[in-house]
There are 2 protein chains.
Amino acid sequence: MRVSKEKAAENRGALLQAASRLFRKRGIDGVGVADIAREAGLTHGALYAHFPSKDALAAEAFTHGFEGNMADTREWAGGRDASFQDYVEGLISPDMRDKVETGCPMTASASEVGRQGCAVSESFAKAFEEMTAMLEGSLSDAVPAPERRRLAIAAVVGQIGALAVSRAVIKSAPSLADEVLQAVRETIGAAHRAESVHRE
Amino acid sequence: MRVSKEKAAENRGALLQAASRLFRKRGIDGVGVADIAREAGLTHGALYAHFPSKDALAAEAFTHGFEGNMADTREWAGGRDASFQDYVEGLISPDMRDKVETGCPMTASASEVGRQGCAVSESFAKAFEEMTAMLEGSLSDAVPAPERRRLAIAAVVGQIGALAVSRAVIKSAPSLADEVLQAVRETIGAAHRAESVHRE
DNA sequence: TGTACATCAGTGAACGCGCGTTCACTGATGTAC
DNA sequence: TGTACATCAGTGAACGCGCGTTCACTGATGTAC
């Protein structure tokens, strides 16, 4: 039965939200379109009125999840006027590791994206650039411009790698899971300090 | 029909080899047991004479692939008496990114392992420790002992993260794919230099 | 060494199930008069 | 504003297919005598 434009837009949003959450939790290959539709309170047929295929949904859901996560991060950072070091401490932490379903989709799906279609790869690349720009902006003038981008890229990669590894080993080696996060935080901190020009 | 002990052991090895290669290429959820058996020249039923379940096979295949990759790396490193910097340059490179099927299983499956069973997590943790120990051993006395392990962990995480990100964006942003590798290499290099004690 | 037979690696059909996608249909919405 | 009707979001059965796993069976291997 037909539904109002507002309701249709709302349903589309619910599908994106459900897809985004489930893909992060169980992986893109680990979730079926029926699961997504059910969580959004619809049937699987309705999904195809909004998205041409699962792959197209995956790409949009990736962007949707990333934008939501970026908004949360910006709010968190804005409240404390976050420095680069604040970002590194906040993003590469046990809290972030345990927040899979609402956390960063790049981290949740890093090693799967290369096997998905081109649309998902594009969503990932855009998200990576946006995250990098945010971190780059948090670096002070003490770090010369070219090294700013380099450090920002390394921090984002460090977050993605550290959270993925920490999640991978937490079932069998919980203390290693925490050690990994700390090691990456400290190493990025050391590189940050090394690249800073101190003139007094 | 029954088969000689030697042939059975050989078939088991072929199953592990096929599983290991396919899991790296298409992901654990992206490969069926029939695909694996077919590549090993057997039928899917035979697989269950060697492994109790797909999950158990995945854990063994992970270790198998990792051991093979470690042997290759040790041979490569032994030939040139590799330093920490050599490892970083060699492991975080476009060559390694393009070598998915025979490359490091940790890198190929990083974000999927957390969703697999405990056996796979254990294989991952063991592999991570082994890789870390190898890199730690490559660091000279110029770096104090506690920082050696920290740098080694960061380098392994850096490799896993950098290759995963590079593979994720290569379809849509090839130049970013290379930039990421270089940025991580240089940042680990900077941290390495910063942690080295220079007494003259 | 030769024979009888238990073992078991491997086969292939079958199990129930969930997958992504399609499609004829429904009926409230939105529009044209 | 009231009525007639085209639109189309959503339903649910059905499509063909592949999934992981089980199992009765085969027949060469390995062993006991």
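Chain letters run A, B, ... following the sequence lines, proteins first and then strands; every chain starts at 1.
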Tabulate atom names and distances for all N/O pairs under 3.5 angstrom spanning the protein and nucleotides 31-33 of chain D.
none

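- Remark: E39(B) engages R21(B) in a side chain to side chain donor-acceptor pair (under 3.5 Å) (not counting sequence neighbours).
- For the atom pair NE2 (H64(A)) and CD (Q17(A)), the distance works out to 4.0 Å, reported to the nearest 0.5 Å.
- Side-chain contact between V180(A) and R97(A): absent, with no pair of heavy atoms (C-beta onward) separated by less than 4.5 Å.
- V100(A) belongs to no hydrophobic cluster with other residues, because no ILVMFWY side-chain heavy atom falls under 4.5 Å from its own, directly or through intermediates.
- No continuous path of hydrophobic side-chain contacts links I170(B) to I28(A) [ILVMFWY only; heavy atoms under 4.5 Å].
- Side chains of S109(A) and S111(B): no donor on one and acceptor on the other come within 3.5 Å.
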Problem - Annotated protein contacts, base or backbone, on nucleotides 17-26 of chain D with a non-hydrogen cut-off under 4.0 Å, one of B, S, - each - result: --SSBB---B
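- Judged as a side chain to side chain contact (heavy atoms under 4.5 Å, CB included), and not counting sequence neighbours, the contacts of A164(A) are A110(B).
- Among the nucleotides dT29(C), dA9(C), dG30(D), the one closest to the side chain of A49(B) is dA9(C).
- Residues passing the side chain to side chain contact (heavy atoms under 4.5 Å, CB included) test with R74(A), sequence neighbours excluded: M70(A), E130(A), M134(A).
- Proximity of residues 112-122 of chain B to DNA chain D (heavy atom under 4.0 angstrom from any strand atom) is not detected for any residue.
- Partners of T102(B) by side chain to side chain contact (heavy atoms under 4.5 Å, CB included), not counting sequence neighbours, listed by chain and number: K99(B).
- Applying the ring pair (Phe, Tyr, Trp, His ring centres under 6.0 Å) criterion to F124(B), with sequence neighbours excluded, gives F62(B).
- The side chain of E6(A) approaches dG30(C) more closely than any other nucleotide in the set dG30(C), dA9(D), dT11(C).
- Both V3(B) and R12(A) lie near DNA chain D, and the one whose nearest nucleotide falls closer to the 5' end is R12(A).
- Contact of the W76(A) side chain with the Y87(A) side chain is registered, since non-hydrogen atoms from C-beta on lie closer than 4.5 Å.
- Whole-Å rounding puts the N11(B) CG to dC8(C) P distance at 17 Å.
- R148(A) pairs by the side chain to side chain contact (heavy atoms under 4.5 Å, CB included) definition with E136(A), L139(A), D141(A), V143(A), A145(A), not counting sequence neighbours.
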Distance-only check: which donor-acceptor pairs under 3.5 Å involve side-chain atoms of residues 150-161 of chain A, not counting sequence neighbours?
from: R150(A); atom 1: NE; to: E186(B); atom 2: OE1; distance (Å): 2.8
from: R150(A); atom 1: NH1; to: E195(A); atom 2: OE2; distance (Å): 2.6
from: R150(A); atom 1: NH2; to: E147(A); atom 2: OE2; distance (Å): 3.3

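- Atom NZ of K7(B) is separated from atom C1' of dT11(C) by 15 Å (rounded to the nearest Å).
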Problem - Bracket string, DNA chain D, 5' to 3' - pairs by Watson-Crick or G-U geometry under 3.5 Å, | interstrand - result: .||||||||||||||||||||||||||||||||
